[in-house]
J.: 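Here it is: the structure, laid out below.
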Amino acid sequence: MFDEYDVIVVGAGHSGSEAAAAAANMGSKVLLVTMNMTTIAQMSCNPAMGGIAKGQILREIDALGGYSALVTDRTMIQFRMLNKSKGPAMWSPRAQSDRMMFSQEWRRMLEQTPNLDFWQDTVVNLIIDDDCVRGVRTAMGHDIYSKSVILTNGTFLNGKIHIGKTNFTGGRMGDPASFNLSDQLAALGFECARLKTGTPVRVDGRTIDFSKMEEQKGDDEPGQFSFLEKANLNVQRSCWITYTSPVVHNELKLGFADSPMFSGRIKGVGPRYCPSIEDKIGRFSDKDRHQLFVEPEGWSTVEYYLNGFSSSLPDKIQFEALRMIPGFENAKIFRPGYAIEYDYFPPTQLKKNLETKKVKNLFFAGQINGTTGYEEAAAQGIMAGINAHLNVVNKEPFILNRSEAYIGVLIDDLVTKGVDEPYRMFTSRAEHRILLRQDNADMRLTEKSYKLGLATQRRYETMLNKKAKIEKLLNFLSNTSAVPEEINDKLSAADTSPLKQKVRMTSLLLRPQVELQLIAETHQELKTFLLDNELDREVIEAVEILIKYEGYIDKESEMAVKLGKFEDIKLKPDFDYAKLQSLSYEAREKLNKVRPTSIGQASRISGVSPSDINVLLVFLGR
């Protein structure tokens, strides 16, 4: 029934879907094995993509040629650019999606991808020979052979669902868990541990009183995630904001005795930055209320997601507490919230290309590596897909540095520092975030991907066209002046001092109160230039950022170059650090465990001090 494949991807969540698409589009013959063909790239938790730092990741995936941004743009029901009141390094796009349309669009795009086959089944074992993966064995009894395998099992490995005292096996509500694989990997010497995550009640929107809530509309001029095509969002659905109260908290506390989290029945560590409502009540006991976001699940459903109310308390307690929240007094629920425990494999066991150190041609991506979030999973998926293909064709791995992409920060953090709780990306994790903005992801990554053979000719030409327009506008602004008598009234209205003489537009744009459109309102030549060259909002915004933040960008670029020199000093992956007695004991232990590939990576390992780095530099003759 089966030919030999170049790449087998196990699991069709966000990570597996991106991995399969990337490897297939680069030319590998790919098989995507999933337990359920109707839940491809399903949004198991909240119906949204993007957000703080996650939006940047999504745009980077798109710049590389992934599908997540395109699917999001085609299925979103609301768009918002977060943090617009802050600097551009913090701007983060976020979209509410139609949950059912999202999965359907992903499946449609995957089915139209050449070189990609599908098989609905459960992988129960890996076929391994001489420390090299050779394929997979399925529950139906099929041995399917391949040159590489990518495991993207999400929360399904030995998954257990908890609702109060009730618990049962499952990968998510309504889907079975996956067994055997964890045991096999542990027998091979892989370290395995447990994590947990959770989800809130789903509410019948027909029973919600929105008049008691604060409306949260989308942007007046909605943007998009993909650089390749424009989104068409003429109508948007609103989200809503409400709050818990001491009365709600007291009701929830009645269930604490039966909480699997507090009773110790849940052994896995939960996400610090997305805690359950009972965890928030315990950790932030001084808070009288917690903000909740009421999010629609799609265009044609009445189902709502209650963001911020994740819980594993008994369903009756969840229901009674819900009805004490303003707007939910008469609410009915479709299903309760629950927690899920699952196996993961600490990612220090991976190389930077996401290949395991113990088994050749075996890759891990997504929640199996201890991350949380669709975007973090998708990012690992596209990188695993790229590198699995490169392994098959005997080419060098594709590694993104920390100064090149949030994806580079994500993977470096995972393989260098490991995780002891579900990892979530934040802008604060990226030391070069002024360089890693959401607006320039295509400038940073599309050419790299095009040379690899993933980004299409159309995508590459779109990026070059945008780059040319930016350069043309910058050149125009550098050589054109604003005239005092034409613009001073506008400047006064914007609460900034008037001009006393002609000033180059690039100098005028350095003022925080001045935007390009303000100048264009009084400068006919600029207005005509923008129209004639079809310069859209994205190009204008990019130019304003480059002008206003030039000093910061230059300084950050210089720092990246300096730190990059440490990345160029390579370390042998098989070196025995125990021989270097000048290193601290902890450094020897950590370096032997992580096996860094460069001085730069070694310097980011917890427990390796600057003096330890100096010892390594002396040893290397540097």
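Along the sequence shown, the residues carry numbers beginning at 1.
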J.: Considering only NZ, NE, NH1 and NH2 on the basic side and carboxylate oxygens on the acidic side, decide whether Arg74 and Glu229 come within less than 4.0 Å.
T.: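 Yes.
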
J.: Could you tell me which residues satisfy ring-ring contact (aromatic ring centres under 6.0 Å, His included) with Tyr450, sequence neighbours excluded, listed by chain and number?
T.: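 For Tyr450 the ring-ring contact (aromatic ring centres under 6.0 Å, His included) partners, ignoring immediate neighbours, are Tyr460.
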
J.: Could you tell me whether Phe293 and Tyr304 have their ring centroids closer than 6.0 angstrom?
T.: no

J.: To the closest 0.5 Å, what do you measure between CD1 (Ile317) and CG (Leu322)?
T.: 12.5 Å

J.: So how far is it from Met49 CE to Ser68 OG, rounded to the nearest 0.5 Å?
T.: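 OG of Ser68 is found 4.5 Å from CE of Met49.
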
J.: In sequence, state the C-alpha distance, the side-chain angles, and the governing distance for Leu126 and Leu151, and then conclude on side chain to side chain contact (heavy atoms under 4.5 Å, CB included).
T.: CA-CA 10 Å; Leu126 299 173; Leu151 294 184; 4.1 Å; yes

J.: Salt bridge check, Asp412 against Lys352: does any charged N sit closer than 4.0 Å to a carboxylate O?
T.: yes

J.: Between atom NZ of Lys160 and atom OG1 of Thr155, what is the distance when rounded to the nearest 0.5 Å?
T.: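 So the NZ of Lys160 and the OG1 of Thr155 are separated by 14.5 Å.
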
J.: Can you name the side-chain contact (heavy atoms from CB on, under 4.5 Å) partners of Glu589, sequence neighbours left out?
T.: Tyr585

J.: Does the side chain of Asn125 pick up a donor-acceptor pair with the side chain of Asn180 at under 3.5 Å?
T.: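 No, no side-chain donor-acceptor contact under 3.5 Å.
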
J.: Should we count NZ of Lys165 as having more than 12 external heavy atoms under 6.0 Å?
T.: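 For Lys165, atom NZ is not crowded (no more than 12 foreign heavy atoms under 6.0 Å).
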
J.: Going by the salt bridge (charged side-chain N to carboxylate O under 4.0 Å, His left out) test, which pairs reach into residues 21-39, not counting sequence neighbours?
T.: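 Found Asp3-Lys29.
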
J.: Would you mind listing every ring-ring contact (aromatic ring centres under 6.0 Å, His included) that reaches into residues 134-156, with sequence neighbours excluded?
T.: Phe2-His142, Trp119-His142

J.: Is Lys448 salt-bridged to Glu404, going by a charged N under 4.0 Å from an acidic O?
T.: yes

J.: Is Arg202 salt-bridged to Glu295, going by a charged N under 4.0 Å from an acidic O?
T.: no

J.: Between Met26 and Leu390, is a side chain to side chain contact (heavy atoms under 4.5 Å, CB included) present by the stated rule, with each step listed?
T.: CA-CA 9 Å; Met26 292 179 75; Leu390 293 175; 4.1 Å; yes

J.: With sequence neighbours left out, which residue pairs that include part of residues 107-120 fulfil the salt bridge (charged side-chain N to carboxylate O under 4.0 Å, His left out) condition?
T.: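 Applying salt bridge (charged side-chain N to carboxylate O under 4.0 Å, His left out) to every pair that reaches into residues 107-120, excluding sequence neighbours, yields Glu105-Arg108, Arg107-Glu111.
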
J.: For Phe168, check ring-ring contact (aromatic ring centres under 6.0 Å, His included) against everything at least two apart and list the hits.
T.: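 Expected list: none.
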
J.: With Tyr423, which of Asp413, Thr371, Asn369 fulfils side-chain hydrogen bond (donor to acceptor under 3.5 Å, both in side chains)?
T.: Asp413

J.: Show, in sequence, the C-alpha distance, side-chain angles and deciding distance for Tyr344 and Phe364, and conclude whether the ring pair (Phe, Tyr, Trp, His ring centres under 6.0 Å) test is met.
T.: CA-CA 10 Å; Tyr344 86 103; Phe364 290 173; over 10 Å; no

J.: What pairs meet the salt bridge (charged side-chain N to carboxylate O under 4.0 Å, His left out) rule with one or both residues in residues 38-65, with sequence neighbours excluded?
T.: Lys54-Glu375, Lys54-Glu376, Arg59-Glu538, Glu60-Arg444, Asp62-Arg459

J.: Can you tell me which residue pairs pass the salt bridge (charged side-chain N to carboxylate O under 4.0 Å, His left out) test with a partner in residues 175-193, sequence neighbours excluded?
T.: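 The answer is Arg172-Asp175.
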
J.: Do we see a donor-acceptor contact under 3.5 Å between the side chains of Gln367 and Thr372?
T.: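 Judged by distance alone, the side chains do not pair up.
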
J.: Please assess Arg194 against Asp343 for the test salt bridge (Lys or Arg N to Asp or Glu O under 4.0 Å), listing each intermediate value before the final yes or no.
T.: CA-CA 5 Å; Arg194 298 281 276 178; Asp343 290 347; 2.8 Å; yes

J.: Identify, with sequence neighbours excluded, every residue that meets side-chain contact (heavy atoms from CB on, under 4.5 Å) alongside Ala388.
T.: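 side-chain contact (heavy atoms from CB on, under 4.5 Å) list for Ala388, sorted by chain: Val7, Ser148, Ile150, Phe363.
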
J.: Just how far is it from atom CG of Asp315 to atom OG1 of Thr166, taken to the nearest 0.5 Å?
T.: 7.0 Å

J.: Find out whether Glu278 and Lys280 are in side-chain contact, i.e. whether some heavy atom of one side chain is under 4.5 Å from a heavy atom of the other.
T.: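 Glu278 does not reach Lys280 side chain to side chain.
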
J.: Taking ring-ring contact (aromatic ring centres under 6.0 Å, His included) as the definition, give me every residue that meets it alongside Tyr577, ordered by chain and number, with sequence neighbours left out.
T.: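 Applying ring-ring contact (aromatic ring centres under 6.0 Å, His included) to Tyr577 gives Phe575.
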
J.: With sequence neighbours excluded, tell me which residues meet ring-ring contact (aromatic ring centres under 6.0 Å, His included) with Phe225.
T.: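 ring-ring contact (aromatic ring centres under 6.0 Å, His included) list for Phe225, sorted by chain: Phe79.
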
J.: Any ring-ring contact (aromatic ring centres under 6.0 Å, His included) involving residues 8-35? Give me the pairs, sequence neighbours left out, ordered by first then second residue.
T.: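 Matches after skipping sequence neighbours: His14-Phe102, His14-Tyr374.
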
J.: Decide, yes or no, whether a salt bridge links Lys196 with Glu341 under the criterion of side-chain N to carboxylate O below 4.0 Å.
T.: no

J.: Take a 6.0 Å sphere around NZ of Lys593 and say whether it holds more than 12 heavy atoms from other residues, nucleotides or ligands.
T.: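 No, not enclosed.
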
J.: Measure the CG-CZ distance between Leu350 and Arg595 for me, rounded to the nearest 0.5 Å.
T.: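 If I round to the nearest 0.5 Å, the distance is 15.5 Å.
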
